[in-house]
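Following: one structure in structure tokens, then a few remarks.
All heavy atoms count here, side chains included; hydrogens, waters and symmetry mates do not. Counting starts at 1 for both ligands and their atoms, in listed order.
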Amino acid sequence: MVILKEEGIRLSVPKTVFFNPHMRFCRSFSSLFIGALDAELCVLDGMSACGARGLRYACENSNVKKITFLDLNKKAVKATKANVKKNKKSFKARARVINSDVNLFMHEHSGKFNFIELDPFGSPLPFLYDAIRCLSKLKRSFLSVTATDTAVLCGANSKACVKNYSSKPLNNEFTHENGVRILLASIARIASFFNFSTTPLLSLSKRHYFKLFICFEQGADAAVESAKKANGFVFYCSKCLHRFPSFHPLATSSCSCGAPLDFGGPLWLGELFDEQILKRMLELNEERNYADKKELASVLSLMLEEARLPSFYFDLHKIFKNYSLPPKKTQAILDALRAEGFTASRTHFIPTGIRTDAGIKKIREAIKSSSGV
Ligand SMILES: C[S@@+](CC[C@H](N)C(=O)[O-])C[C@H]1O[C@@H](n2cnc3c(N)ncnc32)[C@H](O)[C@@H]1O
Ligand SMILES: [Zn+2]
């Protein structure tokens, strides 16, 4: 048994129950998200393990009115019951702890939750249908979902991605954004079966995982629009690094440089972030004293910068290498691009990435003309 504290929450974790201390950042990020929502929440922590995540949500956010902790593992349920008792004085929400299979439970409790948290080992796919069905009786609801099958979504095993997500991944410099967009497309497709439109509010890529926060709203017309956004492609030239999104699967087979074009998709070609939520999370982070406060502020600010910029970031290191250019400072290149009238920002996806509406030719010119070494 390990006894520990995370952001003031006291936890006892038996050896056979899962707890990953490295996910503290993710739990803090998610708790900020909950706090930034302008809604009273009835939360299902569908894979609660020792209860760390759900307890953080309830103790840190007064808009969590009810919370159900659930896990398949009996020992996890026992540990969660003890942890809920230990922290009872720190939250007002009505709490209960249940031992069940999350799919069975969601199937039988349709309409009872407006916020579902899914934090599985590996892919969330086997749980998405029942989760969205469970939310489908409400006009508006939220899903928070973790995926740790990033190797599959990022194309380390292309066949597995085609099998699981019906989508072709790209194992290139923007593979993480591509992976997030493939997962989002699967979610939006399932949601549209239930007349739900899909609005991704935040898309986090970090270490070995993706964390997505999505808002679903009832309405056939908006659901059609989401389903369309889930049916996009990206075309990519590994020789000159040109890339472009397209809703047409057969946009073209060769690049203007003469090399063949590769493609990824179907994938989500809509937005990845909501600026209002990001701003509220930044404010909340200032008020809270999380151990990861600095890193949270940095990631949220990067997301705010990249929120409105074009999809499929460039990797400056890849461009330096590909074109044998002497490396320059990212800030100087961003300044040079902006001086030419282009939009340009960093991205939280990779430290050497930039988003811009400039094409590869203009980026090369900006690298050459910028002074910062
Ligand atoms: C990655 S852990 C969750 C970690 C936790 N959310 C946290 O932040 O500490 C995944 C949990 O899902 C549980 N689990 C796996 N399959 C399940 C299922 N079908 N229904 C309910 N729980 C399940 C496992 O027992 C495990 O405790
Ligand atoms: Zn090319």
Side-chain angles (χ1 to χ4, degrees), residues 2 4-7 9 11-31 33-34 43-60 67-80 83-84 97-109 115-131 134 144-149 172 207-211 234-244 251-263 314 318-319 322-323 359-361 363-364:
V2 180
L4 58 104
K5 251 186 167 186
E6 185 178 276
E7 303 299 354
I9 311 291
L11 299 166
S12 298
V13 189
K15 273 201 184 111
T16 48
V17 176
F18 182 88
F19 179 75
N20 182 357
H22 298 296
M23 291 298 267
R24 182 184 68 194
F25 176 95
C26 182
R27 285 186 284 269
S28 298
F29 189 91
S30 308
S31 186
F33 173 76
I34 294 234
V43 176
L44 172 63
D45 184 2
M47 288 149 168
S48 56
C50 70
R53 196 172 264 282
L55 275 169
R56 297 252 342 247
Y57 291 177
C59 291
E60 295 168 11
I67 181 153
T68 299
F69 299 85
L70 182 141
D71 205 285
L72 193 56
N73 177 347
K74 282 196 168 63
K75 292 204 169 118
V77 169
K78 195 173 164 209
T80 303
N83 288 330
V84 167
V97 187
I98 287 169
N99 182 209
S100 173
D101 176 287
V102 69
N103 276 345
L104 273 179
F105 184 83
M106 292 189 296
H107 196 83
E108 288 167 357
H109 293 81
F115 189 108
I116 294 181
E117 170 67 48
L118 291 178
D119 191 17
F121 300 124
S123 171
L125 263 186
F127 308 103
L128 287 174
Y129 191 90
D130 284 307
C134 180
S144 162
V145 63
T146 319
T148 54
D149 58 336
N172 65 1
R207 291 163 50 96
H208 65 293
Y209 67 90
F210 295 152
K211 183 79 186 153
V234 59
F235 290 83
Y236 172 70
C237 173
S238 60
K239 187 171 175 231
C240 76
L241 309 182
H242 174 52
R243 77 285 310 274
F244 63 94
T252 169
S253 60
S254 60
C255 182
S256 51
C257 78
L261 277 174
D262 199 357
F263 77 95
F314 290 87
K318 177 97 179 160
I319 301 176
N322 227 58
Y323 287 97
I360 183 68
K361 193 164 165 254
I363 300 174
R364 281 164 56 204

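- Residue pairs meeting the salt bridge (charged side-chain N to carboxylate O under 4.0 Å, His left out) criterion with at least one partner in residues 116-126, sequence neighbours excluded, are Arg53-Glu117, Arg53-Asp119, Glu117-Lys211.
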For ligand 1, run through the N/O pairs with the protein that fall under 3.5 Å and put one pair on each line.
| from | atom 1 | to | atom 2 | distance (Å) |
| --- | --- | --- | --- | --- |
| ligand 1 | 6 (N) | Met47 | O | 3.2 |
| ligand 1 | 6 (N) | Asp119 | OD2 | 2.7 |
| ligand 1 | 8 (O) | Arg27 | NH1 | 3.1 |
| ligand 1 | 8 (O) | Arg53 | NE | 3.4 |
| ligand 1 | 8 (O) | Asp119 | OD2 | 3.4 |
| ligand 1 | 9 (O) | Arg27 | NH1 | 3.4 |
| ligand 1 | 19 (N) | Asp101 | OD2 | 3.2 |
| ligand 1 | 20 (N) | Val102 | N | 2.9 |
| ligand 1 | 22 (N) | Leu72 | N | 3.2 |
| ligand 1 | 25 (O) | Asp71 | OD1 | 2.6 |
| ligand 1 | 27 (O) | Asp71 | OD1 | 3.4 |
| ligand 1 | 27 (O) | Asp71 | OD2 | 2.7 |

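- Going from atom CG of Leu44 over to atom OG of Ser144 covers 11.0 Å, rounded to the nearest 0.5 Å.
- The backbone N or O of Thr68 lies less than 3.5 Å from no partner atom in the side chain of Asp45, so there is not a single donor-acceptor pair.
- Checked against the 6.0 Å centroid criterion, the rings of Phe18 and Phe121 qualify as a close aromatic pair.
- At least one test fails for Arg207 against the ring of Phe25: distance under 6.0 Å to the centre or angle within 45° of the axis.
- Taking the ring centroids of Phe244 and His242, they lie under the 6.0 Å cut-off.
- Counting only distances under 2.8 Å, and ignoring water, the protein N, O or S atoms around the Zn ion (ligand 2) are Cys237 SG, Cys240 SG, Cys255 SG, Cys257 SG.
- Defined by atom type and a distance below 3.5 Å, a donor-acceptor pair is missing between the side-chain atoms of Ser30 and Arg56.
- Applying the salt bridge (charged side-chain N to carboxylate O under 4.0 Å, His left out) test to every pair with at least one member in residues 68-77, sequence neighbours left out, gives no pairs at all.
- To the nearest 0.5 Å, atom NZ of residue Lys78 and atom CG of residue Asn73 are 11.5 Å apart.
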